[in-house]
Amino acid sequence: MQDLELETTLELIEVRERIRTDIFDQILKLRELATVISENPDINQAEFSARATEFMAKNPDVINLAAAPNLVVSIVHPYEANQSVLGLDYRKNPAQLPKVEQAMQSGEGLVTGPVDLVQGGRGLILRHPVFYANDTTQGVGARPWGLLSMVIDYNAFLTRLNIPELAENYDLAIREMTADGEVEQTIVGDFDFTATDPISLDFNFAFGVWEMAATAKGGWPDHRPDFWLHWLLRLQGTAGVVIFAWYIMRLTDNRKLAEERLRTGVEALDHGFVMYDPKGILVLCNEKYREIHDYSEVVKPGSTYEKIVRDSIRRGLVPDAIGKEEEWIRVWLEKRENGAFETEQRMPDGRIIRTSDRRMEDGSVVGLRIDVTDLKRALLTAEDANKAKTDFMGVLSHELRTPLTVILGHVRLARHFDRTPAARDLGAAIDAEPQTRETLAPKFAATLSKLGDIMQTVERSGNHLLTLINEVLDFAKIDAGSLSITMEPVKIDDIVAPTADQLRPMIEDKGLELKVKSASGVMLADGKRIQQVLINLLSNATKFSDQGTISLTCRIRGEVVEFRVTDSGIGIPENELERVFEPFHQVDSTATRRFGGTGLGLAISRDIATAHGGSLVATSVMGKGSSFLLTLPLRPAIAVAAAATETREVEDA
């Protein structure tokens, strides 16, 4: 009984402190709201509702709030659910007047309840007097404004204080006492204090005294537990010890079996395996690991990691460490101490061994030694093949572009053959002879016009071919990592306006409308490369649109610049939105596709955006058009870093 009563007392003390803290906290919150009203005694319903909404958002257990200037309720929240309370005069309500007068006289908040609520459920009512701020009457005290009331959810109050869980083990009651020792109201529970001999604790609040009492569930036990139950527990304990001993023996056997399986599995690996304990002492390794270390006698359980490393260097197994042994050992050990550690080590026989160590939670280290010689050779072969491909594409593009440039130059001359001296001389000779002027002059003019049309067609095809060659050349540079980006300050309008002017004739010739909206500002970028991206996007928009509008808009948002190209064309399927940025990818890749091209333009454009520290993304609706958004930083970090590097190089020089 003493132990049970002591346990009950300790738990009740903890509960009492939780309740005391919660009540003080609720009254303090109500006092803060009362202070707001005292600072603004002319508060109206709208202002009160605004304050109350914010207050109830932070205190979800609050059901409603009411303000009673001159002790008459005239402001409530929520308003619709509590209109019936409006006009309540506490001075004419005998049931509530004593508590109200107590609050006004003491100047402190108090708690009443629980009471049944009109809207259902039960609630606790907290009241706090409100006085005019900085207003005293003959030095006696602040002039009263009225009363502020708050109703909190009674069930939520009990749940927050874990009272339902406590009631599972105890019969519990909390009641408010008068100064004469009489029961004024019951807060929680309801049982006969005198008949049950409960553990009793008092609360001392400014507004009164609460008493909390509890007994074990169903009352205190009449006698100690049954004697035979104790013997049964002893027998169960003995059986538990026997079962535990059997279980330990079983675990020992399982551990031996697991260790044997681990050794067998480790030996079956094609790679070297090793395990070190937290102190760096070798615990386990397989035959492959010993073979990598040339079956040294040092490589055995009990040897330290540093000892094995020094032995390998001494025996010439680490060519990279020759001449700098101590420094190599120091760096190697420091890297390994940092946790995860991966490196590649050349062996004297030409093999390349990849070392991969991982530190576990207990500080132990497990490692693999993998022979990657064949993989390295295959990788080098693939890199050589890729470089040869890139070099071939670059050389081929240069070799094709040079004669094509010459051809286009002569075609442009031929387009304007009528301006050449020979054509002018022939025209003058025809005009000089009246008898031939009427017959030959029209034919000569028609011949020149036809020649111009033919040359214009040849030039258009040549320019298209040159664009394809340039795309292949740019892709070869990107693939080789040699695409040049020259960062310099450039006006945004100097990028947008020339691009629009250059492509406007092509767009309007197709019957489309071009809308352009630029932005004022200066960005750090390669203006020519950004124009290349915009030209590519506008060309694609024109290619895939037969009617409607193509727009190029630019705006500055914070530290980024956004270029958006939108068309009213055929659109892109959702599953192709990312694939269109892949090199050589075509949405329609058949030989009879309607639209031509290499499929490199968007891939190059995204690489240029990435090189500027930006991005290029696409959105589309089938049959309604597509939109490409190019986002670039005003001052890319890559440019800042390059400038800093250049400054350091100048200073070093």
Side-chain angles (χ1 to χ4, degrees), residues 1-31 58-63 108-116 121-126 150-234 236-237 240:
M1 280 294 296
Q2 289 177 350
D3 292 341
L4 188 56
E5 289 178 356
L6 178 59
E7 179 183 348
T8 303
T9 302
L10 293 176
E11 190 160 2
L12 287 182
I13 290 174
E14 182 180 350
V15 173
R16 179 182 67 179
E17 295 310 312
R18 286 206 305 269
I19 295 175
R20 190 203 308 270
T21 301
D22 189 86
I23 292 296
F24 282 149
D25 183 56
Q26 297 295 338
I27 291 177
L28 181 60
K29 292 176 182 176
L30 191 60
R31 180 181 298 171
K58 297 179 181 178
N59 303 279
D61 293 344
V62 176
I63 297 176
E108 300 290 341
L110 54 81
V111 180
T112 304
V115 298
D116 294 327
R122 310 187 74 195
L124 286 177
I125 302 176
L126 279 72
M150 175 175 73
V151 179
I152 63 175
D153 190 314
Y154 177 67
N155 292 329
F157 170 77
L158 297 182
T159 302
R160 186 169 64 250
L161 298 175
N162 297 326
I163 299 299
E165 289 82 353
L166 190 67
E168 294 178 1
N169 300 320
Y170 299 101
D171 290 326
L172 177 71
I174 302 175
R175 58 190 184 180
E176 183 176 358
M177 310 298 293
T178 65
D180 299 330
E182 298 294 330
V183 178
E184 185 165 345
Q185 61 178 344
T186 300
I187 309 298
V188 177
D190 185 16
F191 70 88
D192 190 350
F193 278 52
T194 59
T196 56
D197 188 24
I199 302 297
S200 181
L201 297 175
D202 292 337
F203 300 72
N204 289 318
F205 293 111
F207 54 81
V209 177
W210 285 12
E211 182 183 12
M212 177 172 62
T215 66
K217 194 71 174 179
W220 303 113
D222 296 329
H223 51 76
R224 61 179 298 184
D226 191 85
F227 174 78
W228 294 107
L229 179 60
H230 283 277
W231 271 108
L232 178 60
L233 293 176
R234 292 189 182 99
Q236 288 179 344

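Count residues from 1 along the sequence. What you see is a predicted model, and the numbers here were worked out from it, not measured in a lab.
Counting heavy atoms from C-beta outward, Ile19 and Trp210 have side chains that approach closer than 4.5 Å. At a threshold of 4.5 Å between non-hydrogen side-chain atoms, the residues Asn155 and Arg122 do not count as touching. Val15 has its side chain out of reach of Asn162: every pair of non-hydrogen atoms, C-beta onward, lies at least 4.5 Å apart. Side-chain contact between Ile23 and Phe157 is present, with heavy atoms from C-beta onward closer than 4.5 Å. Two residues are said to be in side-chain contact when any heavy atoms from C-beta on lie closer than 4.5 Å; Met150 and Gln26 meet this criterion. Proximity of Glu11 to Thr8: side-chain heavy atoms (C-beta onward) are nowhere separated by under 4.5 Å. Residues Thr21 and Arg18 have side chains not in contact (no heavy-atom distance under 4.5 Å, counting atoms from C-beta outward).
From Leu161, atom CG reaches atom CG of Asp22 across 4.5 Å, with rounding to the nearest 0.5 Å. Going from atom OH of Tyr170 over to atom CD of Glu7 covers 4.5 Å, rounded to the nearest 0.5 Å. Taken to the nearest 0.5 Å, the CG atom of Asp171 stands 4.5 Å off from the OG1 atom of Thr215. How far CD1 of Ile63 is from CD1 of Ile152: 8.5 Å, rounded to the nearest 0.5 Å. Between atom CG of residue Leu158 and atom CG of residue Leu124 there is a gap of 7.5 Å, rounded to the nearest 0.5 Å. Note that the CZ atom of Arg160 and the CG atom of Asp25 stand 8.0 Å from one another [nearest 0.5 Å].
Residues Pro114 and Thr186 come closest through the heavy atom pair CD-O, 3.3 Å. Gly123 and Val151 get closest at one heavy-atom pair: CA-CG1, 4.2 Å. The two residues Met212 and Leu12 make their nearest non-hydrogen contact at CE-O, 3.2 Å. The minimum heavy-atom distance between Leu126 and Leu30, with the atom names listed, is O-CD2, 3.4 Å.
A donor-acceptor contact shorter than 3.5 Å is absent between the side chain of Asn59 and the backbone of Val62.
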